[in-house]
Number of protein chains: 2
Amino acid sequence: MNFSISEENHIKWIYHLQQKKGLVNTNSLAAEMQTKAASVTDMLKKLKAKKLLQYEKYKGFKLTEMGKKTALNVIRKHRLWEYFLSVKLGFEWEKVHAIAEELEHISSDELIQRLDDFLGNPSFDPHGDPIPDSFGKIPAIKQYNVLQLPLNKKAVVSSVSNQSPEMLEMLKHHKIGIGSTLQSLKHFAFDGSIEIKVLKNATCILSEQVAKNIFVYYD
Amino acid sequence: MNFSISEENHIKWIYHLQQKKGLVNTNSLAAEMQTKAASVTDMLKKLKAKKLLQYEKYKGFKLTEMGKKTALNVIRKHRLWEYFLSVKLGFEWEKVHAIAEELEHISSDELIQRLDDFLGNPSFDPHGDPIPDSFGKIPAIKQYNVLQLPLNKKAVVSSVSNQSPEMLEMLKHHKIGIGSTLQSLKHFAFDGSIEIKVLKNATCILSEQVAKNIFVYYD
DNA sequence: AAATAAATTTAGACAAATCTAAAAATATTT
DNA sequence: AAATATTTTTAGATTTGTCTAAATTTATTT
């Protein structure tokens with residue numbers, strides 16, 4: 001089935017809200033989407049008619065299985081584009097979200113599958129949010145802080161929680177980026193710093209202050 | 001200024017039509033865009049009000065300088081995305097156009113500048129059409145058929161006019177793709193075939209039949 | 001140049017997505 | 001549980017982009 005941009009946006013936000021609260025109500029969706037309650041009601045009727053939404057007047061609402069699948073596909077597209085913008089085009093993370101809000105509505109399924117492969121089937125976007133697969137399944141993989149990483153275990157950098165220019169400069173210098181493979185070699189008790197091997201590159205030392213912002217995953 | 005998708009599409013098609021015919025008329029634009037003359041008239045008024053169009057009732061129309069710049073920016077986006085889809089994601093050329101029709105309306109200027117750089121500032125899209133720069137300037141570079149290329153001159157593959165599976169298989173085998181650098185080494189009068197050096201790869205022989213579909217440029 | 005044909009525009013309707021203001025339903029307070 | 005407040009929905013308007021059908025202008029033909 002084919003959805004308008006507005007429909008996709010509503011579905012996406014309902015998904016996010018129901019993840020926290022179960023049932024969603026009109027006002028909170030309107031607030032989240034910066035629109036009015038009456039507009040939300042109109043859209044709810046439309047989504048119900050398309051069998052994307054379980055909705056009874058005045059009783060709140062939540063997505064059907066089909067609605068959830070649709071939401072997860074939009075979220076998948078959003079996060080893959082974020083990864084692309086950040087890792088391939090070198091965008092600062094603050095700028096990535098707004099552009100992905102547009103790109104997530106491009107409709108071609110083959111585009112997304114090819115983009116996914118081109119990016120190396122990443123599991124997390126640059127904010128550390130998991131990227132659903134084409135079936136809507138969210139990867140079971142956990143993320144760890146580098147400081148928690150078992151010694152010598154190879155792991156892939158999935159996100160960096162502080163993206164200040166100073167942090168980015170430091171990561172660039174050590175050739176650490178999202179997608180880099182690294183190994184934790186040693187912890188120093190004196191100052192909490194750790195020695196890291198960045199695969200295909202040199203070894204380096206990261207202060208605790210830096211390391212606590214770097215997240216990785218492994219299988 | 002900010003334009004709707006429909007406005008951008010009208011501007012783009014007016015540009016293409018006026019390139020051939022100078023003044024554009026309502027019916028031919030409607031035919032090209034698969035819409036009705038009355039709808040075109042409505043849009044013409046809007047574009048005139050925004051100073052994108054020179055238009056007098058019943059007299060035909062053409063873009064103002066500002067309209068042309070807007071058109072060229074949409075065309076630039078379209079062709080850069082086509083290049084991306086083809087060269088980076090490996091799409092067959094028949095599929096590239098439809099997806100680029102959607103992507104061309106993504107609004108971020110920084111996105112396009114970064115995409116352009118990421119792609120290596122290509123001069124031609126995979127169909128051989130020139131890609132305007134960010135000022136709307138179309139590259140002055142000419143394309144040549146490989147058969148016309150002076151011996152030993154290094155040139156870059158810009159497009160391939162026949163993209164049948166058989167052709168693509170052959171190109172893949174010789175590691176020739178859009179963006180490849182090559183040199184013509186020798187012409188054989190007997191069958192019209194040529195010997196080509198594909199830079200960073202081996203030398204190979206292309207039949208005239210194959211070679212006549214390969215276009216290159218150099219400066 | 002009058003009649004006919006073709007192209008273009010206008011007038012008015014329609015669908016999608018939104019809004020405001022009023023009405024209805026539900027929740028909360030006293 | 002009655003009164004009040006909050007939430008949600010309805011009714012009707014608005015904007016954008018499209019359409020059909022009729023009217024108007026321009027072009028072509030006899």
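Naming: A, B, ... by sequence-line order, numbering from 1 per chain. These values consider heavy atoms only, across backbone and side chains, with no hydrogens, waters or symmetry-generated copies.
Here the side chain of B:Asp42 is nearest to one of D:dT9, C:dT9, D:dT18, namely D:dT18. The side chain of B:Ala38 has C:dA11 as its nearest neighbour among C:dT18, C:dA7, C:dA11.
Side chains of A:His127 and A:His97: no donor on one and acceptor on the other come within 3.5 Å.
In this structure, B:Leu44 atom CG and C:dA7 atom P are separated by 16 Å, rounded to whole Å. B:Leu29 places its CG atom 10 Å from the P atom of C:dT8, with the value rounded to the nearest Å. As a whole-Å value, the separation of B:Gln34 CD from D:dC19 C1' is 16 Å. In this structure, A:Lys57 atom NZ and D:dA11 atom C1' are separated by 13 Å, rounded to whole Å. Nucleotide D:dT16 holds its P atom 16 Å from the CD atom of B:Glu8, rounded to whole Å. Between the CG atom of A:Leu23 and the C1' atom of D:dT8 there is a distance of 15 Å, rounded to whole Å. Straight-line distance from the CD atom of A:Glu56 to the P atom of D:dT9: 11 Å, rounded to whole Å. Straight-line distance from the NZ atom of B:Lys48 to the C1' atom of C:dT8: 15 Å, rounded to whole Å.
Counting only heavy atoms from C-beta outward, the side chains of B:Phe3 and B:Met1 approach each other to under 4.5 Å.
With A:His16 as the fixed residue, the side chain to side chain contact (heavy atoms under 4.5 Å, CB included) test singles out one of A:Gln19, A:Lys12, A:Gln18: A:Lys12.
Taking the nucleotide of DNA chain C with the nearest heavy atom to each of A:Tyr58 and A:Thr35, the more 5' of the two is matched to A:Thr35.
B:Phe61 comes within 4.0 angstrom of nothing in the nucleic acid, heavy atoms only.
Of the side-chain N and O atoms in B:Lys45, none sit less than 4.0 angstrom from OP1 or OP2 of C:dT9. OP1 or OP2 of D:dT18 lies within a sub-4.0 Å distance of a side-chain N or O belonging to B:Ser6. Look at B:Thr41 and you won't find any side-chain N or O under 4.0 angstrom from OP1 or OP2 of C:dT8. In this structure, A:Lys36 reaches the C:dT20 phosphate: one of its side-chain N or O atoms is under 4.0 Å from OP1 or OP2. Of the side-chain N and O atoms in A:Ser39, one or more sit less than 4.0 angstrom from OP1 or OP2 of C:dC19. Note on B:Asn25: every side-chain N or O is 4.0 Å or more away from OP1 and OP2 of C:dA7. A close approach under 4.0 Å does not occur between any side-chain nitrogen or oxygen of A:Asn27 and OP1 or OP2 of D:dT6. Between A:Lys59 and D:dT7 there is no side-chain polar atom (N or O) within less than 4.0 angstrom of OP1 or OP2.
In this structure, the ring of B:Phe215 has its center no less than 6.0 angstrom from the ring center of B:Tyr144.
Remark: B:Glu56 engages B:Lys48, B:Lys59 in a side chain to side chain contact (heavy atoms under 4.5 Å, CB included) (not counting sequence neighbours).
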